[in-house]
Amino acid sequence: MDKTYDPHAIESRWYQIWEDQGYFRPSGQGAPYCIMIPPPNVTGRLHMGHAFQDTLMDALTRYHRMAGGNTLWQAGTDHAGIATQMVVERQLNGEGQTRHDLGREAFIDRVWTWKAHSGGTITGQLRRMGASLDWSRERFTLDEGLSAAVTEVFVRLYHEGLIYRGQRLVNWDPVLHTAVSDLEVVSQEEDGFMWHIRYPLADGSGHLTVATTRPETLLGDSAVAVHPGDERYAHWVGKQIALPLTDRLIPIIADSYVDPAFGTGCVKITPAHDFNDYGVGERHQLPLINIFTVDAHLNGQVPSRYQGLERFAARRQVVADLEAAGWLEKIVPHKLMVPRGDRTQAVIEPFLTDQWYVKIAPLAEPAIRAVEEGRIRFIPDNWSKTYFEWMRNIQDWCISRQIWWGHRIPAWYDSAGQVYVGQNEVAIRQRYRLPDDLSLRQDEDVLDTWFSSALWPFSTLGWPEQTPALATFYPTSVLVTGFDIIFFWVARMIMMGLKFTGEVPFREVYIHGLVRDAHGNKMSKSKGNVLDPIDLIDGIDLESLVAKRTTGLMQPEMAKKIEQATRQEFPEGIPSFGTDALRFTFAALATTGRDINFDLGRIGGYRNFCNKLWNAARYVLMNTEGQDTGLGEDLRVLSLADRWIQSRFQRTANAVNEAITGYRFDLLASALYEFTWNEYCDWYLELSKPVLTGDNAAPEAQRGTRYTLVQVLEGLLRLAHPLIPFISEEIWQRVAPLAGKPVGTLMNQPFPVVDSQGLDPEAEAEMQWLMAFILGLRNIRGEMNLSPAKPLPILLQHGDETDRQRLDVNRAFLMSLARLASITWLAEDAKAPPAATALVGGLHLYIPLAGLIDAEAEAKRLDKEIDKLRKDLQRTTGKLTNSAFVGKAPPEVVAKERERATEMGQALEKLAAQRAKLAELG
RNA sequence: GGGUGCUUAGCUCAGCCGGGAGAGCGUCGCCCUUACAAGGCGAAAGUCGGGGGUUCGAACCCCUCAGCACCCACCA
């Protein structure tokens, strides 16, 4: 093995082998375990959120595969209607064309071409992450099969009356020229104004003042409303207003929607361009006056001088004209919530159109129950509150989109506008018994992308066909996703799954946090703080990183600032960390909170961890390859260290199994980290050295240690594989033969389960003694600035029989790890020479000063220790003298405190005596 | 307006059922000890956001205040 861990050398090779060998396919044996990947946009690129999420899913998948499950991680991508169409349209615009120049068919061809060109990017990046997805079953939401599922669902819902078409106000994106759902609108507080406008009475007897944030909609007003109980205006209700800038008369009406305390208490009512006003209009049978075109310019419904004006230009014009005519009373700065499209950032316009809706309440009800009854479990559980909150207030879902890329709605119209819904034209003619010569034209709209996503858990398994895969893997085991799409996706999958399969789509939903930058800021192109997971794997030089972050900005003026910040944060660019280190980092960061702050310092640490593991393996191989690794049981003897590390391994295996089944990936990572570094490397490997290289070690003992070195490493690699698949596989290939394991792949080895027989509490206790012994001496060495290379003679006193036994057995370990020149017992009553002192329980360790140690420094060190002990003791005795504590606390807690007090008291006494001796010296 | 989180070492975060405050990075000191300097050994560092309560005992449970973040919602 190379001296330094080089992730690239090993990562490039293994994935190919695994995939070629078909290891990602379900084994066909064992309990089914299935995860559906949240399908990424087919033309997208992998971002940190994907990388994070896919790491967790891969760890689960690999774990269950090793644990013997019939495991499927379903691969696939999403057509991402609006997002993908926008990308291609932007390309077209760059060529000076629009999609309308191409026409629908040619445009869709063009999108397919783009998909063919870029569709491999993200799947390739998933492979680089080590994701063990079953690519042989890869699906795409616009596949034939999935499209058939979409049509089937639409038709069935329609004929059950759960899909309907209706004309009402929708959220209209005037840039995209399409309706969007409530969820695709994000409202943000922005600075604006409140215009106070005088509305004169038609009879000339005065005026009302209305306050509005949208003066241009005056042109579409149908009424002015006041509160029915508002005495100020009661006598005006029923009168007519002469609407300024128009020649229309509108009524003054009374409606309880109006809040008399807000503004002037008079509200202009524009039913066609405001969701509230729409309701008012319905109650009062007011005319709907639509004043906008699809791209939010004023249409023919307004006086000719305003026609054709864009809505914000229209606002300026209307305000200017009102002011000129004296109708404008005042303008007040006002903060308001502005709705914007999540894709385009365009201000969303409430707009009157025909759209398709899913009647959602009947679907939501069973979906709520499924979670209430625990048939679906959210992890962490509190996300179920969020789910309930939304589901109990859910609104009908607008599913039609006026774009071209997507599943076209399976509805046809005849020339009279009669609508027919069915699988296709032929089916419709049959179902509705339509004459052959009746000409039909299909609805132009496509479905919301999330409509097909909602079917993903069963459509990918072959539904509506009753396939073996569906029977085996549905309901799936767990859905792993971020809280940001609980409404968009999770809730809708639950509703559709229950509706069409009668079963929940997944039994558990693991909700993880969202990846942010090191300081908790959202990663975004415009902030220039985006990290690309592939750059973390491969590394990237500073200039390339700067270029990447500053090109294609929406606000080019930010480039300079971003460049500066980037140069400051990454003066050397980003080093290459490798996939395993990245995965380990994601797991370590996957705590239960909702934000995951990605700190580059952490990934460096975990790259070092991989290097540590690599070098530990090198050490093991150097000492075992070509040698007897003790596979014949009668020929090996286990040392304390051997028994200890095997016991610790069992505890680690237990912690790892618990962590992974409890979705605590952070605990998984730390269990692996601590065992590998702090126990296996720091202690066990060091303890193996005197056995393997010692002058008079018995061959049986050496075999025992080689055996343990290899067995524990092999087991550790199996434990670690779900998280760090590449390095574990690479090392395992070399270690497995030494451990007597069959050749093959680590991927298919059994995952370690806890063997309680392997626990050895005595070995752990004795090892604790050994460690205390060594740490006591190391502390003196460190504090006294004694060279670690200098062998020290030490004296022992006051030990009991156990101490003596332990010393005899472990003398070689102590000599080696504490770098001792000699160990000498002092008689119980002998006078110890001036020395630095450490205690191991009742046992005293002395390092004679003898010119090595400065008495004053040792005095200071002892003072510090005595001080600490004294404070601890004080607290403990405080408790014990409190009769309430002794009386009410559980006896075992009291006993423990007593024991501690005794121990500390004794230690304090001894150290104080030592301290006194030093004082005499000085 | 309704809802949900968060606040622990300089930084990023763990802390499980209420019982001796932890990790990584950073900092300081000593070491290139034949697996690893991407390393070893040792050390320093916290009023657990503030206040109150429950309890023998609170980082943890309850109340309250402050600060931060997020989600939902039709106040013109």
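Side chains included, hydrogens not; waters and symmetry mates left out as well; all remaining heavy atoms used. So that the names make sense, note that chain A is the first sequence line, chain B the second, and so on, each numbered from 1.
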Partner of B:A59 under the Watson-Crick or G-U wobble criteria, both distances under 3.5 Å, comes out as none
With both distances under 3.5 Å as the test, what is the Watson-Crick or G-U wobble partner of B:C41?
B:G29
Rounded to whole Å, please give me the gap between CZ in A:Arg898 and C1' in B:G20.
17 Å
For B:C41, take OP1 and OP2 only and decide whether either is under 4.0 Å from a side-chain N or O of A:Arg781.
no
In Watson-Crick or G-U wobble terms, with both distances under 3.5 Å, the base opposite B:A73 is none
Distance test, side-chain N/O of A:Thr591 to OP1/OP2 of B:A14, below 4.0 Å
yes
Name the orientation class of the two ring planes belonging to A:Tyr673 and A:Phe609 (parallel below 30°, tilted from 30 to 60°, perpendicular beyond 60°).
parallel
Taking any heavy-atom pair under 4.0 Å as a contact, classify A:Ser787: base, sugar-phosphate, or nothing.
nothing
Are OP1 or OP2 of B:G40 and a side-chain N or O of A:Trp677 less than 4.0 angstrom apart?
yes
Does the side chain of A:Lys689 get closer than 4.0 angstrom to OP1 or OP2 of B:A35 through an N or O atom?
yes
Please determine whether a side-chain nitrogen or oxygen atom of A:Arg664 lies at a distance below 4.0 Å from atom OP1 or OP2 of B:G15.
yes
Counting only Watson-Crick pairs (N1-N3 plus N6-O4 or O6-N4) and G-U wobbles (N1-O2, O6-N3), all under 3.5 Å, who is the partner of B:C68?
B:G5
Heavy-atom nearest nucleotide on RNA chain B for A:Asn882 versus A:Val185: which residue maps closer to 5'?
A:Asn882
Please tell me if A:Asn611 has a side-chain N or O lying less than 4.0 Å from either OP1 or OP2 of B:G39.
no
Would you please confirm or rule out a distance under 4.0 Å between OP1 or OP2 of B:A38 and any side-chain N or O of A:Asn615?
no
Counting only side-chain N and O atoms of A:Lys612, is one of them less than 4.0 Å from OP1 or OP2 of B:G40?
yes
If you go through the side-chain atoms of A:Arg594, does one of them form a donor-acceptor pair with the base of B:G5 closer than 3.5 Å?
no
